[in-house]
Amino acid sequence: IKLSQEIEERNQGLIEERKKLDEMALQHAELQNQKIRLEADIETFMHEKDLLVEKNAILETYGEKMSALKEEYTKKNEELKKSFEDISSFDNWYSRGVGEFIDGKNARAIDSFNKALETNPDTEPAAFTHNYIGLSNERRDKTREAIESYTKAIEINKGYAVAYMNRGNAYFLLKEYKKAFKDANIAIAFLIVKGEYKAAKEHIEDKLQDLERVETDGKFNENMKITAENHIATLKKQLEEAQKRTTK
């Protein structure tokens, strides 16, 4: 009986030891799983680290390029800003002058046009500006000053038919008929060359009417009349021939 009890107690102890061993086996298996997961995480981390190092190198290169581009952009922007300042300023003053001219504010228009010319004095738009100054001065009965402005416009743009036309009209007001008809002839010739036949025809008709108005003026002698008539007749013929060529 005593031996049986001892055997029973030992069996019970073995069962307890087996349970502990099973628990340890489970714990070992869990630790193994954790180790595998940790190794995978470490491998992923190292891969991501390599990618980050690579990306960082790319970003550094990109940053250097961006800095260089920013510097170049800033430089070009300053150059463009400087180059457009005069144009922008010209446009602003020119537009303002045109508005004042339309409103009949001739003195103020002249001031605005002169400020426009300070920024852009030698280009084709400057020729238009001088022409407007001339028209503004004519409105103020300052015909000589108007002629000076038209002349400046012509000096800038040799083929500016409107400026020749306006200067011719100004000379006509001063009864300087020879100069008046000379400018008119040049204006008509340029209009024909440019294909502006309607304007050329209208100006020819205006000059024919001017001839009729000045026939009794002592300053307009017979030679001047013949010369003017011949020039206008020639231009009229040229206009008709140009219109025929265009039609064909």
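Numbering of residues begins at 1 and proceeds along the displayed sequence.
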How far apart are the C-alpha atoms of Glu138 and Leu173, what are their side-chain angles, what is the distance that settles it, and do they pass the side-chain contact (heavy atoms from CB on, under 4.5 Å) test? CA-CA 10 Å; Glu138 276 201 68; Leu173 290 173; 3.5 Å; yes
Report, as yes or no, whether the 6.0 Å neighbourhood of atom NZ on Lys194 holds more than 12 heavy atoms from other residues, nucleotides or ligands. yes
Does the side chain of Tyr177 pick up a donor-acceptor pair with the side chain of Asp217 at under 3.5 Å? yes
Separation between CD1 (Ile232) and CG (Leu239), nearest 0.5 Å, reads 12.5 Å
Taking all atoms of both residues into account, what is the closest heavy-atom pair of Val98 and Phe113, and its distance? N-CZ, 3.4 Å
Do Ile102 and Leu135 sit in one hydrophobic cluster, given that two such residues count as connected whenever their side-chain heavy atoms are within less than 4.5 Å of each other, even indirectly? yes
Using a 3.5 Å distance criterion without hydrogens, assess whether the side chain of Ser95 forms a donor-acceptor pair with backbone atoms of Asn92. no
Lys115 with Asp111: basic N within carboxylate O range, under 4.0 Å: no
Which pair of heavy atoms, one from Ile133 and one from Asn114, lies closest together, and at what distance? CD1-OD1, 3.5 Å
Under 6.0 Å from the CZ atom of Arg18, do we count more than 12 heavy atoms belonging to anything else shown? no
How close do Tyr160 and Ala127 get, heavy atom to heavy atom, and via which atoms? CE2-O, 3.6 Å
Is the number of heavy atoms from other residues, nucleotides or ligands under 6.0 Å of Glu43 CD greater than 12? no
Just checking, is any N or O donor in the side chain of Arg139 or Asn106 under 3.5 Å from an acceptor N or O on the other one? yes
Test log, rule side-chain contact (heavy atoms from CB on, under 4.5 Å), inputs Ile147 and Leu174: CA-CA 10 Å; Ile147 289 172; Leu174 296 176; 3.5 Å; yes
Verify side-chain contact (heavy atoms from CB on, under 4.5 Å) between Leu191 and Met165, making sure each step is shown before the conclusion. CA-CA 10 Å; Leu191 290 171; Met165 197 182 300; 3.6 Å; yes
So, Tyr94 side chain and Leu117 main chain: donor-acceptor pair closer than 3.5 Å or not? no
Taking the side chain as every heavy atom from C-beta outward, state whether Phe172 and Val214 have any atom pair closer than 4.5 Å. yes
Got a donor-acceptor contact below 3.5 angstrom from the Asn56 side chain to the Leu52 backbone? no
Taking Asn223's backbone N and O only, do any of them form a donor-acceptor pair with Asn221's side chain (distance below 3.5 Å, no angle check)? yes
When every non-hydrogen atom of Asp122 is compared with those of Ala126, the smallest separation belongs to N-CB, 4.1 Å
CD of Gln27 to NZ of Lys20, rounded to nearest 0.5 Å, is 12.0 Å
If you count heavy atoms of other groups shown closer than 6.0 angstrom to CD of Gln32, is the number above 12? yes
Does Ile186 belong to the same Ile/Leu/Val/Met/Phe/Trp/Tyr cluster as Ile192, with side-chain heavy atoms less than 4.5 Å apart forming each link? no
May I ask whether Tyr164 and Ile156 are part of the same hydrophobic cluster, defined by side-chain heavy atoms of I, L, V, M, F, W, Y residues being less than 4.5 angstrom apart, directly or through others? no
Distance, nearest 0.5 Å, that separates OG1 of Thr143 from OH of Tyr171: 11.5 Å
Can you name the nearest heavy-atom pair linking Ile110 to Ser136, along with the distance? CG1-CB, 3.5 Å
Value for NZ (Lys207) from CD1 (Ile204), rounded to nearest 0.5 Å, stands at 11.5 Å
Give me the atom names and distance for the closest heavy-atom approach of Ala153 to Ala163. CB-CB, 4.1 Å
Are Val162 and Phe190 in one and the same hydrophobic cluster, where Ile, Leu, Val, Met, Phe, Trp and Tyr link if side-chain heavy atoms are under 4.5 Å apart? no
Would Lys152 and Glu145 pass as an ion pair if we require N to O under 4.0 Å? no
For the residue pair Leu38 and Lys35, establish whether any side-chain heavy-atom pair is separated by less than 4.5 Å. no
State whether Arg167 and Glu155 are salt-bridged, where the test is any N-O pair (Lys NZ or Arg NE/NH1/NH2 against Asp/Glu carboxylate O) under 4.0 Å. no
Between the NE2 atom in His28 and the CG atom in Asn33, the distance rounded to the nearest 0.5 Å is 10.0 Å
Over 60° means perpendicular and under 30° means parallel, so classify the ring planes of Phe220 and Phe181, tilted if in between. tilted
Atom pair OH (Tyr197) and CD (Glu240), whose distance is rounded to the nearest 0.5 Å: 12.5 Å
Candidate pair Thr129 and Trp93, rule side-chain contact (heavy atoms from CB on, under 4.5 Å), full reasoning: CA-CA 10 Å; Thr129 308; Trp93 284 113; over 6 Å; no
Residue of the set His231, Gln238, His203, Glu202 for which side-chain contact (heavy atoms from CB on, under 4.5 Å) holds with Ile188: His203
